[in-house]
Structures are given as C-alpha cells and as structure tokens.
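Below you'll find the structure, written out as structure tokens, and then a few comments.
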Amino acid sequence: MLVDWVASLYQSVQATFVAHGWPLWVLAVLTAVLKVAGVLVWILLNVLFLIWLERKISGHVQNRPGPVYTGRFGLLQTLADALKVLLKEDVIPAGADRWVFVLAPLVAFVPSVMIWVVIPFSRGVQAQDLNIGILYVAALASFTVPSLLMAGWSSDNKWSLMGALRSAAQLISYEVPLILAELGVVVLAGSLRLSDIIAAQQRSVWFLFLQPVGFVVYFIAALAESNRTPFDLPEAESELVAGFNTEYSGFRWSIFFLTEYANLLGMASLAATLFLGGWSGPFLPPFVWFVIKTYFFVFLAMWIRWTLPRIRVDQLMDLGWKFLLPVALVNLVVTGVFVVL
Amino acid sequence: MLAAYTDVVTFLLVAVLFIAASLFLGGLLRPHHPYPEKLSPYECGKAPIGSGQVRFKVRYYIFALVFLVFDVEALFLYAWAVILRQAGWPALWEGIAFVALLFVGLIYAWRKKVLKWV
C-alpha cells in the first residue's frame with residue numbers, strides 16, 4: 001500500500017540522516033513542508049471542484065444546466081475564472097487602512113489551511129495527530145471573526161462595516177453551540193485526539209447515532225459558521241451589496257472566496273470525522289470512505305443553500321441563543337449522565 | 001511534545017507564503033490604473049457622504065459580552081469532558097452544577113431582554 005511505502009521511505013531517509021549525523025529538525029521541517037504542499041494541493045483541487053459542483057447543483061435546482069461550455073460538463077469553468085480573477089486590477093480604496101485591509105484575507109485564509117494539520121484522511125494519514133485535536137480546530141475556526149471585522153473596518157465603506165458587524169454577531173452566536181456540540185463527542189470518546197475519536201466509533205457505533213441532537217446542533221451551527229444560506233446575512237447582496245468584501249477586488253477578493261469553500265470542506269470533513277466515523281468503513285479503501293462522507297455533507301450544505309430562503313437577523317440571533325444554546329447545554333449534560341452510568 | 005508543533009508552524013508559514021507569492025505573481029500580470037473615482041468607497045454610484053466608519057448599535061457589544069462568558073465556559077468544559085469517564089459521579093455533579101449556573105445566567109439574560117435583537 002501507498003501508506004506503507006511512504007512510511008518505509010521516511011524511515012530509510014531518517015536512517016540516512018542519523019548515519020550522516022545531519023540534524024533531525026531539518027528532516028522534520030522538510031516533511032512538514034511536504035505535508036503542507038500536499039494539503040494545499042488537496043484544498044485547491046477540491047475548491048476548484050466544489051465551485052463547479054455548487055454552480056451545477058444551483059443550476060439544476062433552478063432548472064437550468066449551469067456551466068457547460070468550458071471543458072467537458074463545464075468542468076474547467078472554475079479554472080478559467082481563477083485565471084480571469086488573477087488578471088483583474090487590485091483596487092485598494094484611498095480611505096482604506098492599508099495594512100489591515102491587506103492582512104484581512106490572510107487572517108481568513110491561513111486558519112482554513114491550518115485546520116488540516118489534524119484532519120485524518122485515512123488510516124495513519126494525518127499531518128500531525130495533536131493531542132488537543134478538536135480544541136485546536138475550534139480555536140482556529142474562531143479566527144474568522146477578526147478577519148471579517150478587519151476587512152469591514154478597514155474598507156472605509158458603510159456597507160462593509162455593517163456586513164462585518166452582522167457577521168461577527170452571527171459567528172459568535174453560533175460558535176458557542178458549535179463548540180458545545182463538539183463537546184458531546186469529546187465526552188463519549190474521552191479524548192480530544194481525532195484518531196481516538198475515530199477509534200471510539202470503531203469500537204461502538206457512529207456518534208451520529210449516540211449524539212443525534214448534538215449532530216443537528218453541530219450541523220446548523222456549522223452552516224452558520226461557514227456563512228452559507230440560510231445564514232448568509234453578512235453577504236446579503238440585496239441589502240448590503242456584498243457585505244465585508246464590497247471593496248475587495250481581483251485576487252484579493254478571491255482569497256475570501258477560496259477561504260469560504262476551504263472552510264466548507266473543512267467543516268464537512270470534521271463532521272464526517274466526528275459523527276460518521278471518519279475514514280472507517282467496509283469494502284472500500286479508507287480514503288474513499290473519507291471522501292464519500294465529506295462530500296455527503298458538502299452536498300447537503302449546497303442543497304440547503306439553494307433550497308431555503310435567507311432568514312432575518314433577529315430570527316438568526318433567536319435561533320442561536322434561545323434554541324441551539326439551551327439544547328446544546330442539555331445535550332451535554334444528558335451525554336455526561338449517559339457516560340457515567 | 002513540542003516537536004509536534006513543527007507542522008503547525010510550517011502550515012502557518014507556508015500558507016502565508018502561498019498567498020504572498022500568488023499576490024506577487026498576479027501583480028506582474030494585472031493592470032494598475034488608479035484614479036480618484038475608482039478609489040472612492042462604493043455607495044451604489046453616489047458620492048459617499050461622511051466617513052465609512054459609522055457608529056453602530058451598542059447591541060453588538062452586549063452580545064459580545066454574553067459570548068465571552070459562554071465561550072470561556074466551553075473552554076473549561078473541554079478539560080472536564082476528557083476526564084469525565086474516569087472521574088465518574090463527583091465530576092459529573094460538579095459539571096452539572098457549573099452548567100446549571102450558566103443556564104441560570106442565560107435565563108437571566110433572556111428575561112432582561114439582552115438577547116432581544118431590536
């Protein structure tokens with residue numbers, strides 16, 4: 001198998017390092033760079049595909065074909081768009097707070113790459129099995145709030161600021177239920193390590209069946225966290241132009257777009273890991289199972305986006321604070337009692 | 001132990017580098033023709049009135065404060081959740097007491113109409 005081959009290759013390279021007395025940290029850095037290169041390729045390929053998929057699904061939901069001209073089934077459409085956006089002028093408004101304006105897309109994008117350190121792709125295929133797995137992901141996910149606020153505040157545009165404030169209010173309202181829903185899984189598995197959580201599901205059943213309420217809370221909150229309809233108020237085109245990214249253009253704007261899809265993918269793969277047993281499954285290779293489960297959630301999110309209308313801002317806050325939060329707290333306590341009994 | 005974080009730091013640096021490099025490469029390709037109208041903030045085609053950094057509702061601060069309470073609570077509960085199975089009933093009671101206190105806090109905020117969006 002490929003995984004064994006890579007492991008043996010790593011060991012022979014390590015032996016070479018030891019034999020020549022070369023410092024081992026160089027090897028550690030080199031492997032880390034290889035890992036992040038792999039993750040970047042994985043994210044970019046998936047985002048190219050996801051954007052195409054989203055346009056196809058939205059097309060068919062609305063009874064039209066979606067992109068068809070570029071390549072077979074329009075598959076190359078996103079690539080053409082990426083090239084186009086790279087060639088567009090990069091406008092920074094005169095009144096903008098330049099540094100903050102430039103840094104905001106970076107603060108948004110970098111965490112969406114960093115969460116892939118702990119996501120397990122397959123048996124033993126994981127950049128680093130950190131012992132604080134879920135906590136690490138939750139901490140990185142909260143970086144979205146400052147990035148949007150930075151973008152909105154620095155643009156010197158009323159729409160941007162309004163959109164940024166709304167999205168900050170939305171994100172913090174849904175972050176608490178999200179974290180509490182993940183806690184239910186932690187209580188069952190007794191560990192924050194994602195590999196332990198998968199192992200715990202292999203011993204019993206998928207946590208989807210032990211944590212149905214937690215799963216629903218997680219899924220709704222994750223939809224809200226990734227700013228997707230019915231929770232896409234920050235970008236509500238019809239009232240706020242484009243929200244926090246009104247003043248962004250060209251490639252700088254596309255970084256936000258890239259981040260949105262990278263986050264969707266990350267959210268889906270984390271959901272697959274926490275609730276559907278990650279890469280474990282019969283017959284098919286583990287990696288195939290991981291992709292199937294991830295894309296199940298991706299499809300669900302897209303389906304919901306193109307079927308449901310956007311909700312109002314007061315309904316949004318009510319749903320987060322007065323429904324999801326109490327439900328998540330009760331779910332946590334019930335799970336605790338269940339585990340101790 | 002800390003060696004595990006080599007990957008984390010490398011991911012951070014390479015992601016930053018990736019964005020910087022693609023912005024730089026794009027800079028070689030794209031046009032650059034700024035003029036005052038293009039650089040002014042977009043307000044649906046009208047000349048903008050006043051600064052873009054307008055005042056906003058105090059409501060946002062209140063929600064941020066409530067969020068802070070519950071986020072820190074969730075952080076404490078992570079440690080509790082990991083050891084719950086081994087620690088058994090005493091830990092469970094303490095956890096329930098902690099969550100109950102916060103629940104009372106939530107109901108208080110609710111009754112005081114802090115959670116009402118106006």
Could you look at [X] and say if it's the side chain, the backbone, both or neither that has a heavy atom under 4.5 Å from chain B?
X      : answer
A/D318 : side chain
A/V337 : both
A/I255 : side chain
A/L180 : side chain
A/P111 : neither
A/L44  : side chain
A/L106 : side chain
A/L40  : side chain
A/K88  : backbone
A/M114 : both
A/A139 : neither
A/V91  : side chain

Against chain B, work out which of [options] has the most heavy-atom pairs shorter than 4.5 Å and name it.
options                        : result
A/A28, A/A169, A/P326, A/G184  : A/P326
A/D129, A/L86, A/L87           : A/L87
A/V339, A/V186, A/V333, A/L183 : A/L183
A/L258, A/L325, A/T31          : A/L325
A/T335, A/V102, A/I179, A/V145 : A/I179

From [atom1] ([X]) to [atom2] ([Y]), nearest 0.5 Å:
X      : Y      : atom1 : atom2 : value
A/I172 : B/D71  : CD1   : CG    : 9.0 Å
B/L106 : A/W321 : CG    : CH2   : 8.0 Å
A/F251 : B/L25  : CZ    : CG    : 9.0 Å
A/I132 : B/Y78  : CD1   : OH    : 10.5 Å
B/F70  : A/S173 : CZ    : OG    : 11.5 Å
B/Y5   : A/Y136 : OH    : OH    : 8.5 Å

Grab the two heavy atoms, one from [X] and one from [Y], that are nearest each other, plus how far apart they are.
X      : Y      : value
B/Y60  : A/L165 : CE2-O, 3.3 Å
B/V82  : A/S191 : CG1-CA, 4.4 Å
A/G336 : B/L84  : CA-CD2, 3.6 Å
B/T10  : A/V29  : CG2-O, 4.5 Å
B/A81  : A/V187 : CB-CG2, 3.5 Å
B/F18  : A/F109 : CD2-CE2, 3.8 Å

Against chain A, label [X] side chain, backbone, both or neither, depending on which of its atoms sit under 4.5 Å from a heavy atom there.
X      : result
B/F63  : both
B/V9   : neither
B/Q86  : neither
B/L23  : both
B/W110 : side chain
B/I107 : neither

Checklist entry - Hey, are the side chains of B/W80 and A/L332 touching, using non-hydrogen atoms and a 4.5 Å cut-off? => result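 Answer yes - side chains close enough.
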Checklist entry - Passes side chain to side chain contact (heavy atoms under 4.5 Å, CB included), A/L341 versus B/W89? Steps please. => result CA-CA 9 Å; A/L341 282 178; B/W89 281 106; 3.6 Å; yes
Chain A interface, residue from [options] that has the most non-hydrogen pairs under 4.5 Å:
options                   : result
B/S22, B/A91, B/A20       : B/S22
B/L12, B/V14, B/D7, B/V16 : B/D7
B/A74, B/P31, B/A100      : B/P31
B/H32, B/E73, B/H33       : B/H33

Next on the checklist: If we ignore hydrogens and angles and just use 3.5 Å, is the side chain of A/E89 paired with the main-chain N or O of B/R30 as donor and acceptor?
Outcome noted: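 A pair under 3.5 Å: no.
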Checklist entry - Would you say the side-chain atoms of B/R85 pair up with the backbone N or O of A/L188, donor to acceptor, closer than 3.5 Å? => result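 Indeed, once roles are kept as given, a pair shorter than 3.5 Å links the two residues.
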Checklist entry - Counting heavy atoms not belonging to B/F98, are there more than 12 under 6.0 Å from its CZ? => result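 Atom CZ in B/F98 is crowded, with more than 12 foreign heavy atoms closer than 6.0 Å.
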Item to check | Other residues, nucleotides, ligands: >12 heavy atoms within 6.0 Å of A/K84 NZ | outcome: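 Open.
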Item to check | From CA spacing to verdict: side chain to side chain contact (heavy atoms under 4.5 Å, CB included), B/V8, A/L130 | outcome: CA-CA 10 Å; B/V8 175; A/L130 294 180; 3.9 Å; yes
